[in-house]
Novice: 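Below is the structure I would like to discuss, written out as structure tokens.
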Amino acid sequence: MTDVIATNETILVVGGGISGMTAAIEAAECGKQVILVEKNPSLGGRVSQLYKYFPKLCFPTCGMEINLRRLKANRNLRVITLAEVVGVSGGAGNYGVQVKVSPRYVNESCTACGECAAAVESEFDDEFNYSLNKRKGAYLPFAMAYPQRYVLDPRIIGTPDAERAKAACKYDAVDLDMQEQVLELKVGAIIWATGWKPYDAAKIQPYGYDRYANVITSVEFERMMDPFGPTGGKLLRPSDGKEAKDVAFIQCAGSRDRNHLKHCSRICCMASLKQSTYLREQWGDEGKASIYYIDIRAIDRIEDFYQNVQADPNVRFIKSKVAGIIEDKATGNPVLEGVDTEGYHRYSNPHELVVLAIGMEPSVPRDAFPMEVVVDEHGFIEADAANGGIFAAGCSSDALDVNRAVQSATASALRAIQVVNRVAGAEG
Ligand SMILES: Cc1cc2nc3c(=O)[nH]c(=O)nc-3n(C[C@H](O)[C@H](O)[C@H](O)COP(=O)(O)OP(=O)(O)OC[C@H]3O[C@@H](n4cnc5c(N)ncnc54)[C@H](O)[C@@H]3O)c2cc1C
Ligand code: SF4
Ligand code: SF4
């Protein structure tokens with residue numbers, strides 16, 4: 001890696017999802033020097049793992065392409081992938097930051113031809129598809145990955161597979177001697193955009209995510225619908241590969257529950273409404289959705305979307321907190337049990353597939369930040385003067401949709417610019 005030039009007029013953005021990319025681009029387009037660090041091998045975050053996103057139901061590739069174009073065109077912006085901040089010292093206008101950069105084992109000469117992947121034999125769970133399938137030990141994380149550069153999984157280093165990858169590469173792009181590096185950066189302000197992660201569904205014992213193959217999470221459902229995903233875009237049951245046309249959605253799975261996440265994750269109602277439209281799209285009149293909910297929280301202008309879904313006779317709303325799921329051994333169908341709180345009827349409803357509208361929690365746990373930062377009771381970063389020149393963007397500050405995440409990112413870019421402008425003013 002070449003030297004990274006940074007001064008206390010530089011803004012560091014941590015996390016390369018939609019929020020981090022937006023904050024970095026906005027600040028760089030205002031003429032500021034920006035370094036964007038992302039722990040994964042490529043940018044895009046969790047939006048790139050969605051099939052489509054509301055409100056317009058566009059493909060994430062389209063928003064991603066616009067951002068990448070702006071990002072590539074800006075010489076003020078430097079992207080470092082496979083990088084994590086491990087230490088922060090100092091204060092606003094004068095931070096010292098240590099960034100650990102893991103080796104990719106593939107250099108800039110990579111043309112993304114894929115020969116290395118064809119040559120290696122080992123396979124690992126595919127993180128991009130939430131482990132629903134396997135990928136090779138040499139891989140491109142996803143079709144639109146930026147940078148368009150393959151990665152060697154560190155688990156193949158020192159094995160014959162690593163040598164196979166090297167031998168297969170005609171461009172001398174595989175570098176097995178790459179080492180971990182720790183960069184020491186001086187920056188004036190930090191935008192923290194590390195986003196969210198899905199709550200661990202296995203912890204919600206009554207729903208049997210770890211026992212029943214046909215109980216999946218909402219994030220997995222997004223990957224299954226994607227033509228580039230693990231099932232090639234076909235909604236197939238994990239247990240037997242049968243088409244899943246009658247699908248139940250369980251709202252507040254892990255959210256608004258004192259045993260799990262206390263907060264409302266705010267997005268999962270909209271996510272299930274959106275996902276119910278995927279069933280129509282895939283199966284036409286045969287696609288049926290049943291949404292089990294406590295109350296539907298659809299956010300402002302997205303109310304229209306809710307009304308359209310409500311008008312669909314193939315979408316059923318059942319006001320109930322599902323008590324538990326059992327499995328019908330003969331059919332493999334999960335059977336939902338509970339009480340409908342509108343009619344006070346007990347139900348025992350079989351469905352072909354169950355989707356848990358899983359809660360969103362901060363991706364960095366409250367005790368894992370490499371710096372002092374004020375967080376709320378759920379672990380999201382607060383806007384607090386005590387944070388100095390550190391500003392949260394997007395889902396590191398709350399469970400937000402893309403629209404709100406982008407607004408929050410733009411606001412944090414502005415605050416960070418104000419900090420480095422003060423430095424420039426004091427020095428000038
Ligand atoms: C099932 C589901 C469906 C959804 N569908 C929609 C939708 O249709 N429309 C919509 O508007 N919203 C939707 N959302 C919400 C959407 O996913 C978020 O708004 C969006 O992901 C927020 O982006 P972000 O950049 O803040 O966080 P993220 O997407 O989580 O990005 C954070 C980035 O930071 C990186 N990172 C994490 N930790 C570190 C670290 N320590 N160091 C460096 N980098 C790090 C991550 O690898 C990631 O790239 C959905 C959410 C769910 C749960
Ligand atoms: S590392 Fe080499 S073989 Fe692998 S994709 Fe890149 S150029 Fe092709
Ligand atoms: S957004 Fe809906 S499903 Fe998600 S926690 Fe809030 S009420 Fe429950």
Side-chain angles (χ1 to χ4, degrees), residues 14-23 36-40 42-58 60 81 83-86 99 105-107 109-119 138 140 148-152 165-166 168-175 192-198 217-222 249-257 261 263-272 274-275 293-299 302 355 357-360 362-364 368-370 392-397 399-406 408-409:
V14 184
I18 189 73
S19 305
M21 287 174 76
T22 303
L36 172 59
V37 299
E38 163 58 50
K39 75 168 182 196
N40 283 338
S42 34
L43 301 182
R46 297 200 184 267
V47 175
S48 60
Q49 291 170 286
L50 301 175
Y51 166 47
K52 289 182 180 176
Y53 67 114
F54 58 72
K56 291 189 185 157
L57 297 188
C58 358
T81 51
E84 272 184 85
V85 173
V86 289
V99 179
Y105 301 107
V106 173
N107 63 32
S109 305
C110 178
T111 61
C113 71
E115 292 296 330
C116 52
L140 189 66
Q148 272 284 301
R149 235 199 294 165
Y150 272 60
V151 196
L152 261 53
K166 189 167 173 56
C169 184
K170 297 189 201 85
Y171 303 94
D172 211 15
V174 173
D175 178 354
W192 198 266
T194 51
W196 62 279
K197 62 179 175 188
T217 64
S218 48
V219 289
E220 291 168 343
F221 189 74
E222 292 284 338
F249 296 87
I250 300 186
Q251 299 310 113
C252 305
S255 305
R256 301 172 72 192
D257 185 332
L261 303 174
H263 60 268
C264 165
S265 293
R266 289 172 67 181
I267 306 305
C268 15
C269 275
M270 274 307 301
S272 295
K274 172 187 70 171
Q275 292 180 342
Y293 71 104
I294 305 174
D295 50 332
I296 295 285
R297 297 192 173 169
I299 34 190
I302 299 171
V355 178
I358 204 70
M360 296 161 77
S363 77
V364 178
F369 287 101
C395 287
S396 62
S397 68
L400 302 174
D401 63 337
V402 171
N403 191 25
R404 283 175 172 75
V406 165
S408 138

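Indexing begins at 1, ligand by ligand and atom by atom, following the structure's order.
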Novice: Counting heavy atoms only, which part of S265 comes closer than 4.0 Å to ligand 1: side chain, backbone, both or neither?
Specialist: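 No part of S265 comes within reach of ligand 1.
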
Novice: Considering only heavy atoms of G394, which atoms of ligand 1 have at least one such atom less than 4.0 Å away?
Specialist: 26 (O)

Novice: What atoms of ligand 3 come within less than 4.0 Å of a heavy atom belonging to D295?
Specialist: 7 (S)

Novice: Number the atoms of ligand 3 from 1 as they appear, then name those within less than 4.0 Å of a heavy atom of R297, with their elements.
Specialist: 7 (S)

Novice: At less than 4.0 angstrom from any non-hydrogen atom of T111, what atoms of ligand 2 do you find?
Specialist: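 Result: 6 (Fe), 7 (S).
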
Novice: Verify the distance test for C110 against atom 4 (Fe) of ligand 2: any N/O/S atom under 2.8 Å, yes or no.
Specialist: no

Novice: Of the choices C269, S265, A253, which has the non-hydrogen atom that lies closest to atom 2 (Fe) of ligand 3?
Specialist: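 That would be C269.
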
Novice: Which atoms of ligand 1 sit under 4.0 Å from any heavy atom of A83?
Specialist: 43 (C)

Novice: Check each heavy atom of I294 against ligand 3 and say whether those closer than 4.0 Å belong to the side chain, the backbone, both or neither.
Specialist: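 The answer is neither; I294 stays 4.0 Å or more away.
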
Novice: Could you tell me, atom by atom, which parts of ligand 2 come under 4.0 Å of a heavy atom of G114?
Specialist: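 Answer, ordered by atom number: 5 (S), 8 (Fe).
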
Novice: Atom CG in L261, atom CE in M360: separation rounded to 0.5 Å?
Specialist: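 Between atom CG of L261 and atom CE of M360 there are 11.0 Å.
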
Novice: Give a yes or no on whether a salt bridge exists between E222 and K274, defined as a side-chain N under 4.0 angstrom from a carboxylate O.
Specialist: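 Between K274 and E222 there is a salt bridge, with a charged N closer than 4.0 Å to a carboxylate O.
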
Novice: With respect to atom 16 (C) of ligand 1, which of Y53, W196, F369 exhibits the smallest heavy-atom separation?
Specialist: W196

Novice: Examine S218 against ligand 1 and note whether any of their N/O atoms are separated by less than 3.5 Å.
Specialist: no

Novice: What residue and heavy atom of the protein are closest to atom 4 (Fe) of ligand 2, and at what distance?
Specialist: C116 SG, 2.4 Å

Novice: Heavy-atom contacts under 4.0 Å between I267 and ligand 1: side chain, backbone, both, or neither?
Specialist: side chain

Novice: For ligand 3, which atoms have a heavy atom of C268 less than 4.0 angstrom away?
Specialist: 1 (S), 3 (S), 4 (Fe), 5 (S)

Novice: May I ask you to identify, for R256, whether its side chain, its backbone, both or neither come under 4.0 Å of ligand 3 on a heavy-atom basis?
Specialist: side chain

Novice: Taking non-hydrogen atoms only, is S396 closer than 4.0 angstrom to ligand 1 via side chain, backbone, both or neither?
Specialist: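 No part of S396 comes within reach of ligand 1.
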
Novice: To the nearest 0.5 Å, how far apart are CD in E38 and CD in E84?
Specialist: 9.0 Å

Novice: I need the atoms of ligand 3 closer than 4.0 Å to a non-hydrogen atom of R266, numbered in the order shown.
Specialist: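 Reading through ligand 3 atom by atom, the close ones are 1 (S), 6 (Fe).
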
Novice: With heavy atoms under 4.0 Å as the rule, classify the contact between A357 and ligand 3 as side chain, backbone, both or neither.
Specialist: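 The answer is neither.
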
Novice: Quick check for you: to the nearest 0.5 Å, what is the distance between N40 atom CG and S48 atom OG?
Specialist: 8.5 Å

Novice: Within ligand 1, which atoms have a heavy atom of S19 less than 4.0 Å away?
Specialist: 23 (O), 24 (P), 25 (O), 26 (O)

Novice: So is N40 polar-close to ligand 1, meaning N/O to N/O under 3.5 Å?
Specialist: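 Yes: some nitrogen or oxygen of N40 is under 3.5 Å from one in ligand 1.
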
Novice: Under 4.0 Å from a heavy atom of S255: give me the atoms of ligand 3 that qualify, with their elements.
Specialist: 5 (S)

Novice: Measure from atom 2 (Fe) of ligand 2 to each N, O or S atom of C169 and report whether any distance is below 2.8 Å.
Specialist: yes

Novice: Could you list which atoms of ligand 2 come closer than 4.0 Å to a heavy atom of A112?
Specialist: 5 (S), 6 (Fe)

